[in-house]
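Worksheet: one structure, shown below.
Values below: every heavy atom of this structure, side chains too, minus hydrogens, waters and symmetry copies. Count residues from 1 along the sequence.
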Amino acid sequence: MPRRRLRRGDLACSVAVAVAVAAVAVAAVGAVGGGDGGADFDYRKLSGIIIPGFASTQLRAWSVLDCPYSPFDFNPLDSVWLDTAKLLSAVNCWLKCMLLDPYNQTDHPECKSRPDSGLSAITELDPGYITGPLSSVWKEWVKWCVEFGIEANAIIAVPYDWRLPPSMLEERDLYFHKLKLTFETALKLRGGPSLVFAHSMGNNVFRYFLEWLKLEIAPKHYIRWLDEHIHAYFAVGAPLLGSTEAVKAALSGATFGLPVSEGTARLMFNAFGSSLWLMPFSEYCKADNIYWKHFFEGKGGCHHRQQCDEMEYKSEYSGWPTNLVSIEVPTVRDTEAYPSIMDTTENITSSMECGKPTLLSFSAREVSDGTLFKTIKDWDPQSIGLIHQLEKYYQGDPVLNPLTPWERPPIKNVFCIYGLDSKTEVGYYFAPSNSVTGKPNNSSGDGTVSYNSLSWCKNWLGPKVNITRAPQAEHDGSDLQTKMNVDHHVGQGILPNMTRTPHVKYITYFEDAESIPGWRTAVWELDKANHRNIVRMPVLMRELWLEMWHDMHPDAKSKFVTKDH
């Protein structure tokens with residue numbers, strides 16, 4: 001099917017259509033898909049389910065809390081995340097409503113907060129200039145869908161308490177039971193499966209749901225349930241191997257634009273069991289198969305035994321561009337800094353000149369398996385809580401250890417979409433003065449997640465891949481570059497080796513040429529697409545719409561929409 005040319009004059013209309021169809025794929029254009037995307041069905045019956053990322057759901061108070069010396073108090077249903085006015089005038093009260101106990105993830109005795117529900121919970125967190133992009137992530141999606149006339153029951157948000165580790169989402173809120181019911185209700189209400197749109201940590205949540213579901217449904221019914229309830233999965237800005245920004249937030253604090261100190265931000269981040277969910281990990285280490293452990297051993301609370309292949313020990317940085325953390329260790333014996341490190345590195349430092357620091361470095365594996373935090377725990381009390389969280393909520397998780405790489409989910413259509421070519425930190429250098437220096441990665445990323453983590457989903461592509469590069473802006477096809485049937489071997493990168501015109505932003509598409517029958521996999525790389533802003537980009541909305549329009553077209557012959565216009 002030829003690609004419909006979208007002119008600049010059509011931008012407002014095309015963006016509205018793009019977002020509407022991308023979010024719910026229910027445009028009033030007939031039924032029945034073409035190409036190889038799957039069985040024929042009425043696309044007007046599809047629903048769109050949005051899983052937001054970290055800190056992208058409103059939290060509301062579920063307590064009465066008096067705040068002395070402040071004109072504000074907290075009452076049930078008052079906004080907590082995010083209300084910058086209360087944060088600025090009553091920060092201590094606000095923190096009571098935000099913080100969780102780092103050891104058991106329970107609420108503060110004086111105040112508790114719970115996630116809001118519905119689309120309003122994810123559209124805008126706190127209007128105003130202080131928070132900027134942090135406040136609004138999904139607002140434009142919902143706005144355009146409403147303006148286009150999409151029915152309210154076709155757009156479903158599934159907000160969650162993003163402070164909690166995965167197992168606690170289910171234990172406290174029954175989140176994954178409710179998510180399963182959401183898919184089943186959408187199918188019954190609208191008559192068709194759903195499109196899943198997950199952003200950032202929302203992809204981690206969706207992965208956990210798929211593994212949890214595998215233990216809830218009989219094995220012979222699992223794939224059938226997925227086929228009936230999920231038509232396509234759009235993984236947007238997925239930190240598939242974690243994000244180094246989580247390391248910085250845990251060790252020195254990251255405010256993300258909030259009017260708080262780095263120390264307060266660090267205290268808050270480390271109180272949330274979800275903070276470790278974003279930690280980087282090795283691409284070479286996997287946990288044992290939890291399904292067989294359940295089948296043979298029952299649902300015991302045993303730890304996941306991590307198995308690393310030989311590449312973990314042959315490679316220098318666990319598949320990352322560099323060591324994630326480097327710490328200067330003072331070697332003066334009477335100093336009070338880093339006392340535990342002094343004991344563990346005595347053999348290293350005994351022959352060194354007194355007073356010169358020793359540099360200890362930690363790879364992604366040594367971050368995710370707790371070696372880093374165990375090394376620094378004696379002089380950093382917050383690391384003790386992180387060790388507890390790691391062992392209880394990740395290594396001891398009843399479903400899976402989320403800090404392991406994941407294979408392609410068994411869903412018919414998978415689209416992995418992310419930005420690149422933005423300066424992205426991939427490691428940090430800490431000195432005893434508490435200074436921290438980031439290490440920029442020349443291979444880029446989306447400003448938050450590095451390229452090696454975002455692009456892990458290229459391993460999900462089939463043995464033959466078609467690669468196309470096209471300008472993001474309107475084009476006549478003359479700047480289109482294509483390579484067909486490129487060999488792909490899992491574990492080896494796929495580089496387009498295509499030219500670039502200066503100052504032109506491109507989209508590079510990697511699409512299955514060969515795959516499992518009935519499955520499609522595509523990876524889209526968008527130049528300069530920022531992690532937090534990518535879901536608001538008109539070009540992304542346009543591309544999603546074109547792909548869904550192609551699927552709907554009864555005469556479509558190819559698996560994916562062509563890019564010649």
Side chain to side chain donor-acceptor pair (under 3.5 Å) between H531 and S200, intermediate numbers included: CA-CA 8 Å; H531 181 78; S200 192; 2.9 Å; yes
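- Between T404 and R207, the shortest heavy-atom contact is O-NH1, 2.7 Å.
- Contact between W277 and N204 at its shortest, heavy atoms only, is O-ND2, 3.2 Å.
- Side-chain atoms of D512 never come within 3.5 Å of backbone atoms of R520 as a donor-acceptor pair (strictly under, hydrogens ignored).
- Here the CG atom belonging to N459 is positioned 10.5 Å from the SG atom belonging to C416, to the nearest 0.5 angstrom.
- Residues P409 and V414 are in side-chain contact: their nearest non-hydrogen atoms beyond the backbone lie under 4.5 Å apart.
- Atoms CG and OG1, on N92 and T264 in that order, are 8.5 Å from each other to the nearest 0.5 Å.
- Taking the ring centre of Y509 as origin, the terminal cationic atom of R469 falls outside the region bounded by 6.0 Å and 45° from the ring axis.
- Taking the ring centroids of F415 and Y233, they lie at or beyond the 6.0 Å cut-off.
- For the pair Q389 (side chain) and P102 (backbone), a donor-acceptor distance under 3.5 Å is present.
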What verdict does the salt bridge (Lys or Arg N to Asp or Glu O under 4.0 Å) test give for E525 and K458, after you've listed the backbone C-alpha separation in whole Å, the side-chain angles of each residue and the deciding distance to 0.1 Å? CA-CA 11 Å; E525 295 184 343; K458 285 185 178 180; 3.1 Å; yes
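- Heavy-atom minimum distance, G242 versus S453: O-OG, 2.8 Å.
- T424 is not listed as a side-chain neighbour of V449, based on a closest heavy-atom distance of 4.5 Å or more.
- Of the residues F206, Y208, W460, the one that meets the ring pair (Phe, Tyr, Trp, His ring centres under 6.0 Å) test with W406 is W460.
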Working note: S422 + D446, criterion side-chain contact (heavy atoms from CB on, under 4.5 Å); need CA distance, chi angles, decisive distance, verdict. CA-CA 5 Å; S422 295; D446 65 5; 5.6 Å; no
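- Remark: SG of C97 is found under 2.5 Å from SG of C111.
- The OG atom of S89 sits 8.0 Å away from the CG atom of D83 when rounded to the nearest 0.5 Å.
- Using a 4.5 Å cut-off on side-chain heavy atoms (C-beta onward), S515 and K559 make contact.
- Counting only heavy atoms from C-beta outward, the side chains of H199 and W138 approach each other to under 4.5 Å.
- Scanning all heavy atoms of the two residues, the minimum distance from P410 to I223 falls at CB-CD1, 3.6 Å.
- Residues E211 and K214 are paired through a salt bridge, judged by an N-O separation under 4.0 Å between the basic side chain and the carboxylate.
- Geometrically, K180 does not engage F209 in a cation-pi contact defined by less than 6.0 Å to the ring centre and at most 45° from the axis.
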Verify side chain to side chain donor-acceptor pair (under 3.5 Å) between D101 and T106, making sure each step is shown before the conclusion. CA-CA 5 Å; D101 185 295; T106 55; 4.7 Å; no
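- A donor-acceptor contact shorter than 3.5 Å is absent between the side chain of E140 and the backbone of V535.
- A distance below 6.0 Å separates the ring centres of W81 and W162.
- E151 and R190 are joined by a salt bridge, as a carboxylate oxygen and a charged side-chain nitrogen come within less than 4.0 angstrom of each other.
- In this structure, the separation between CG on L400 and CG on L210 is 10.5 Å, given to the nearest 0.5 Å.
- A ring-centre distance under 6.0 Å is found for W225 and H229.
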Decide yes or no on side-chain contact (heavy atoms from CB on, under 4.5 Å) for L461 and V523, but give the supporting numbers first. CA-CA 8 Å; L461 293 163; V523 176; 4.2 Å; yes
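- Salt bridge present: D161 and R172 bring a charged side-chain N and a carboxylate O closer than 4.0 Å.
- Residue T255 comes nearest to V260 through the heavy atom pair CG2-O, 3.3 Å, listed as atom of the first residue, atom of the second, then distance.
- Counting only distance, with no hydrogens or angles, the side chain of Q105 and the backbone of F272 share no donor-acceptor pair below 3.5 Å.
- Taking the ring axis of W519 as reference, the NZ or CZ atom of R408 stays within 45° of it and closer than 6.0 Å to the ring centre.
- A heavy-atom distance below 4.5 Å is not found between the side chains of S243 and S450.
- Here the side chains of M268 and L258 are in contact, with some heavy-atom distance below 4.5 Å.
- In summary, K86 and D78 engage in a salt bridge, as defined by a charged side-chain N under 4.0 Å from a carboxylate O.
- Note that the CG atom of D73 and the CG atom of D66 stand 4.5 Å from one another [nearest 0.5 Å].
- A 4.5 Å side-chain heavy-atom check between L164 and D173 finds at least one atom pair inside the cut-off.
- The existence of a salt bridge linking K178 and E170 is excluded, since no basic side-chain nitrogen approaches an acidic carboxylate oxygen closer than 4.0 Å.
- Residues R60 and D116 are paired through a salt bridge, judged by an N-O separation under 4.0 Å between the basic side chain and the carboxylate.
- Between atom CZ of residue F176 and atom OH of residue Y160 there is a gap of 9.0 Å, rounded to the nearest 0.5 Å.
- Scanning both residues, L65 and E110, for their nearest heavy atoms gives CD1-OE1, 3.6 Å.
- Side-chain atoms of R532 and T448 form a donor-acceptor pair, as typed in the model, at a separation below 3.5 Å.
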Derivation of the side-chain contact (heavy atoms from CB on, under 4.5 Å) call for I534 and L540: CA-CA 7 Å; I534 188 170; L540 175 60; 4.0 Å; yes
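- In this structure a side-chain-to-backbone donor-acceptor pair under 3.5 Å is present from S63 to K112.
- Remark: side-chain polar atoms of Y175 are paired, donor with acceptor, to backbone N or O of V158 under 3.5 angstrom.
- In this structure the side chain of L82 reaches within 4.5 angstrom of the side chain of W94, judged on heavy atoms.
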Should W524 and T508 be marked as a side-chain contact (heavy atoms from CB on, under 4.5 Å) after you check the CA-CA gap, both sets of side-chain angles, and the distance that decides it? CA-CA 6 Å; W524 298 352; T508 306; over 6 Å; no
